[in-house]
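In what follows, every chain begins at residue 1, and chains take the letters A, B, ... in the order their sequences are listed.
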There are 2 protein chains.
Amino acid sequence: MVKVPNRRQDSRQGSDTPKLEDVAARAGVSTATVSRCLNNPAVVSDATRKKVLDAVRAMGYAPNFGAQALAARRTNTFGAIVPTMENAIFARGLQAFQEALRQQGITLLVASSSYSPELEEQQIHSLVARGADALLLIGHDRPPKCYSFLQKRQVPYVIAWVYDGDEGRVSIGFDNRKAMKSLADAVLDRGHRRLALITADRRNNDRARQRSQGLVDAMTARGLDPETLAVVETAYSIANGAQALEQLMHTTPRPTAVMCGNDVLAAGALTQARKMGLDVPGDLSITGFDDIEIAEIVTPALTTVHVPHRNMGKGAASLLFAMRAGEDPGPSVELEATVILRDSLGPAPDRAP
Amino acid sequence: MVKVPNRRQDSRQGSDTPKLEDVAARAGVSTATVSRCLNNPAVVSDATRKKVLDAVRAMGYAPNFGAQALAARRTNTFGAIVPTMENAIFARGLQAFQEALRQQGITLLVASSSYSPELEEQQIHSLVARGADALLLIGHDRPPKCYSFLQKRQVPYVIAWVYDGDEGRVSIGFDNRKAMKSLADAVLDRGHRRLALITADRRNNDRARQRSQGLVDAMTARGLDPETLAVVETAYSIANGAQALEQLMHTTPRPTAVMCGNDVLAAGALTQARKMGLDVPGDLSITGFDDIEIAEIVTPALTTVHVPHRNMGKGAASLLFAMRAGEDPGPSVELEATVILRDSLGPAPDRAP
DNA sequence: TTGTACGCGTTATCAG
DNA sequence: CTGATAACGCGTACAA
């Protein structure tokens with residue numbers, strides 16, 4: 001069979017994407033030199049570099065991703081899988097992560113798992129198959145095979161949004177349990193004794209579990225029976241928060257404070273409480289978690305926990321850079337989360353003047 | 001030089017990613033057959049197909065993306081560039097878009113341009129370089145070279161979130177100008193005559209420009225002088241909405257209704273108004289645009305324009321499928337946006353009883 | 001400092 | 001229906 005090299009399928013006209021070879025021809029050098037100019041400019045002479053870069057610009061050359069990935073065995077792409085993109089919980093963190101990556105010339109691929117372990121596993125495979133050089137994951141909760149897969153494929157990853165000693169994995173985040181305990185302490189300090197919790201499904205969500213546990217910790221520390229805590233588990237959404245609150249208001253004894261697993265649920269709960277004619281915080285106190293923008297604009301503003309969104313994103317990027325470079329990323333990083341007191345938390349009603 | 005085929009750099013142990021060849025060996029067939037099993041199962045015999053697929057499963061084989069892209073000249077990846085991911089404006093639409101793509105086995109890459117034309121151009125290049133088969137863009141406003149680039153590269157694209165006759169480009173969306181005029185009509189119907197507008201920067205944002213124009217249309221239609229409209233231009237954010245409102249409240253004559261370019265600005269404005277001790281809608285009416293979740297939970301709930309988020313996403317996917325298949329996508333699609341009346345809009349104060 | 005040439009893992013064509 | 005094998009476009013030892 002005869003070779004027909006380098007003739008475009010369609011030699012008629014300009015559906016063309018210039019390739020390295022074209023640039024090389026125009027600049028009067030070899031493809032190797034062009035490649036070097038782009039990837040390792042230091043080793044080529046000033047004169048040729050200029051010549052080549054001019055040609056590159058003139059032709060609007062951009063490397064073919066597939067070819068590059070195939071040859072370099074590296075994509076300069078990191079992946080992130082977050083449970084949701086429908087609200088702002090992870091938005092700020094991702095933004096910071098992305099900014100840090102961009103500075104290193106790395107592209108971010110974001111996928112969302114909709115809080116489904118199966119979907120997340122699929123996304124992990126997909127991102128790795130697409131050549132992600134490293135991965136950002138949220139929380140520890142996922143099937144062990146996910147971890148063995150990543151290890152087998154030698155893909156570095158970091159667990160964000162949690163810090164809990166070490167699970168043998170590099171993580172960066174805050175102590176969800178401790179943070180919720182602090183918030184619960186603030187609630188208990190105000191005399192509340194009948195508490196309720198609206199939380200996300202705790203089965204596949206270690207953050208939710210830890211937050212829940214933090215509340216129990218606080219109660220136990222004061223000699224309260226955790227069994228008296230009313231709990232509603234539901235998916236994160238404003239509507240669900242509202243529905244959960246309604247449900248809780250029909251329980252006896254009625255709670256005087258409803259703590260929510262995040263601000264989205266809390267916003268829904270708050271809206272519903274007011275819709276039911278309750279005064280917040282006069283009749284009922286409500287707290288959130290995460291301190292996303294919504295917390296400040298609802299009425300009354302939400303007492304919540306501010307989490308270090310941006311620092312988690314930035315820090316995760318640093319850890320992954322180190323890991324990709326084959327360096328030791330060091331131990332997991334603990335960042336601080338702080339209680340933010342706003343108007344949705346007040347003294348317990350029966351204790352008020 | 002001697003060829004050293006198919007020996008892994010590291011033959012020591014299992015840092016391995018199985019390749020087509022490995023699967024072929026295990027199944028006792030050629031690589032071509034394995035490839036066919038995966039991409040065009042119909043043409044291989046049942047027996048071999050089973051044999052091959054078993055091997056694939058057993059080895060956990062996943063095709064190498066780069067190689068696949070290089071050989072097939074197709075990535076099964078679509079890209080979307082939205083102005084922002086920091087709030088929910090585009091979240092629902094993107095979600096729907098993604099769901100539609102997934103059904104066709106297509107992965108979505110999302111990038112955000114932060115409302116910067118330069119950044120957007122860069123993102124377009126990046127996504128195309130990464131082999132995006134098609135692109136979703138928001139609005140028409142961008143340098144012509146972006147369009148010529150896409151045309152030259154033969155990358156299909158659709159413009160979403162707008163419908164304005166035809167710019168010679170396929171678009172799917174609603175008529176921003178008409179929608180805002182309807183909302184403004186509702187405001188004017190309630191007796192408001194001193195209006196203000198808080199809008200995003202209109203220079204690179206045709207949606208913002210059209211919405212602004214719609215307001216002018218409504219005023220003109222009633223014989224009001226558009227010159228009396230107080231306008232503040234600012235970036236979409238809650239904080240900016242708040243600041244803009246404060247500024248407007250210091251103008252004379254003070255507006256009785258503040259219309260906002262979107263719900264995020266409106267939420268900020270609303271919060272600020274209440275912080276300033278104003279009664280909404282008693283002293284001041286405020287409107288938003290987009291009808292994202294936040295519109296329902298602020299107090300009072302926002303009168304706004306509901307835009308067809310999900311249908312735009314789904315429809316955009318359909319159009320792109322057709323275009324990628326070389327079919328004629330047909331003309332641009334106009335969807336309906338509807339005014340949603342909620343409590344933040346009331347009668348003009350001086351007209352109230 | 002630059003050029004030559006091979007291999008990266010798939011797909012697709014063509015011959016059996 | 002299956003098997004060889006030539007591209008696909010780039011990176012990079014190795015040679016010059």
- line: By side chain to side chain donor-acceptor pair (under 3.5 Å), B/Thr75 pairs with (sequence neighbours left out) B/Asp133
- request: Mind checking side chain to side chain donor-acceptor pair (under 3.5 Å) for A/Ser35 and listing every partner two or more places apart, or none if nothing turns up?
  value: A/Asn39
statement: By side-chain contact (heavy atoms from CB on, under 4.5 Å), B/Lys50 pairs with (sequence neighbours left out) B/Asp54
statement: Hits for side chain to side chain donor-acceptor pair (under 3.5 Å) against A/Asp206, two or more places apart or cross-chain, chain-then-number order -> none
Residues from residues 56-71 of chain B lying under 4.0 Å of DNA chain C - heavy atoms: B/Tyr61, B/Ala62, B/Pro63, B/Asn64, B/Ala67, B/Gln68, B/Ala71
message: Within residues 126-134 of chain B, which residues have any heavy atom lying less than 4.0 Å from an atom of DNA chain D?
response: none
message: At less than 4.0 Å, is any side-chain N or O atom of A/Thr33 found next to OP1 or OP2 of C/dG3? Yes or no.
response: yes
side-chain contact (heavy atoms from CB on, under 4.5 Å) partners of B/Pro63, counting only residues at least two apart: B/Tyr61, B/Gln68
- prompt: Can you name the one residue among B/Ile106, B/Leu108, B/Thr107 that meets side-chain contact (heavy atoms from CB on, under 4.5 Å) with B/Gln98?
  reply: B/Leu108
message: Regarding A/Ser35, tell me which of base, sugar-phosphate or nothing describes its non-hydrogen contacts under 4.0 Å with the strands shown.
response: base
Counterpart residues, ring-ring contact (aromatic ring centres under 6.0 Å, His included), relative to B/Phe97 (two or more places apart): none
query: Could you state the CG-C1' distance from B/Asp46 to D/dT2, rounded to the nearest angstrom?
result: 15 Å
task: With sequence neighbours left out, write down each residue that passes side chain to side chain donor-acceptor pair (under 3.5 Å) with A/Arg142, or none if nothing qualifies.
output: A/Glu120, A/Tyr147
statement: Sequence neighbours excluded, the answer for side-chain contact (heavy atoms from CB on, under 4.5 Å) partners of A/Val155 is A/Val128, A/Leu150, A/Arg153
statement: Residue set satisfying side-chain contact (heavy atoms from CB on, under 4.5 Å) with A/Ala96, at least two apart, ordered chain then number -> A/Arg310
field: Reported OG-to-CH2 distance for the pair B/Ser171 and B/Trp161, which is rounded to 0.5 angstrom
entry: 13.0 Å
- request: Please round to 10 degrees the angle between the axis of the first five pairs and the axis of the last five pairs in the helix from C/dT1-D/dA16 to C/dG16-D/dC1.
  value: 30°
- line: Checking C/dG9, D/dG9, C/dA5 against the side chain of B/Lys19 (C-beta onward), the nearest is C/dG9
task: Answer with yes or no whether A/Arg73 presents, from its side chain, a donor or acceptor under 3.5 Å of a partner atom in the base of C/dG9.
output: no
message: With hydrogens left out and only the distance checked, is there a donor-acceptor pair under 3.5 Å joining A/Arg74's side chain and the base of D/dG11?
response: no
